[in-house]
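Quantities reported herein were computed from a predicted structural model and do not represent experimental measurements.
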Amino acid sequence: MEQPTPYIIKSFKHDGHLHRMWLHNWLVPKERMFQEHAEESMYILVNSQTRIREGDGKEWVSRIPSVAFFIPGQWYNIVSLIEEQGIRYYCNIASPPYVSGKVLTYIDYDLDVIRTIDGGVLVVDQEEYEQHKADYHYPDIVDRKVKSGMDGLLQRIKGSHSPFEDERVMAYYQMWKHVVPEV
């Protein structure tokens, strides 16, 4: 059975500068995915205590394990954060993922949606989006894609559609813990 493969996740801003990198992630093989995730050709990456490098070069280590879902063609990605109290979903409004070799990249468009452990939904960083929209001169097509991505993401959350399924997130994390050697 195929094993998870190490990947790097790189997030950029619209002007091309590096925003953030997650240096140690493992891609879940398609044969180990739940059917609807495989059908959407998702990239599912698991990490725990990974080194994170900010665009300014500062590094830190994440304390919270996560399972991230990147869906080709969608203007958002979903990071499930496995906390002691339960799973919180941190969703980035972002360009669709691009994969080259063992690096997954996307452009972060600042807007974020948080689905709390108790099911609440918060939209955050709207001011930051508006500021960067002006600073980076987002074209109208990007603004439309960002808004469409936000609408699609909120519909997915409202309907509790995949990947907003705590049991499946935990299944990926447990699988990863059993097959990936200590890092």
Side chains of Q3 and W26 only: does a donor on one sit below 3.5 Å from an acceptor on the other? no
Side chains of Y109 and D143: donor-acceptor distance under 3.5 Å anywhere? no
Measure from the side-chain N and O atoms of [X] to the backbone N and O of [Y], and report whether any donor-acceptor pair falls under 3.5 Å.
{"X": "N25", "Y": "Y7", "answer": "yes"}
{"X": "E2", "Y": "E31", "answer": "no"}
{"X": "T105", "Y": "K10", "answer": "no"}
{"X": "S48", "Y": "P65", "answer": "no"}

Y106 pairs by ring pair (Phe, Tyr, Trp, His ring centres under 6.0 Å) with which of F70, Y98, Y43? F70
State the [atom1]-[atom2] distance between [X] and [Y], to the nearest 0.5 angstrom.
{"X": "E39", "Y": "K30", "atom1": "CD", "atom2": "NZ", "value": "9.0 Å"}
{"X": "I64", "Y": "E84", "atom1": "CD1", "atom2": "CD", "value": "9.5 Å"}
{"X": "E40", "Y": "S162", "atom1": "CD", "atom2": "OG", "value": "6.0 Å"}
{"X": "M21", "Y": "I8", "atom1": "CE", "atom2": "CD1", "value": "6.0 Å"}

Anything under 30° is parallel, anything over 60° is perpendicular, the rest tilted; go ahead and classify F34 against Y172. perpendicular
Shared hydrophobic cluster for [X] and [Y] (ILVMFWY, side-chain gaps under 4.5 Å):
{"X": "L122", "Y": "L81", "value": "yes"}
{"X": "Y136", "Y": "F12", "value": "no"}
{"X": "I9", "Y": "V28", "value": "no"}
{"X": "M170", "Y": "Y89", "value": "yes"}
{"X": "L111", "Y": "I157", "value": "yes"}

Applying the side chain to side chain contact (heavy atoms under 4.5 Å, CB included) criterion to V123, which one of V113, I114, D112, I93 satisfies it?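 Testing V123 for a side chain to side chain contact (heavy atoms under 4.5 Å, CB included) against V113, I114, D112, I93 leaves exactly one candidate, V113.
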Does H178 NE2 have over 12 foreign heavy atoms under 6.0 Å away?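 Not more than 12 within 6.0 Å, no.
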Do you know which two heavy atoms are closest between V169 and V67, and how far apart they sit? O-CG2, 3.8 Å
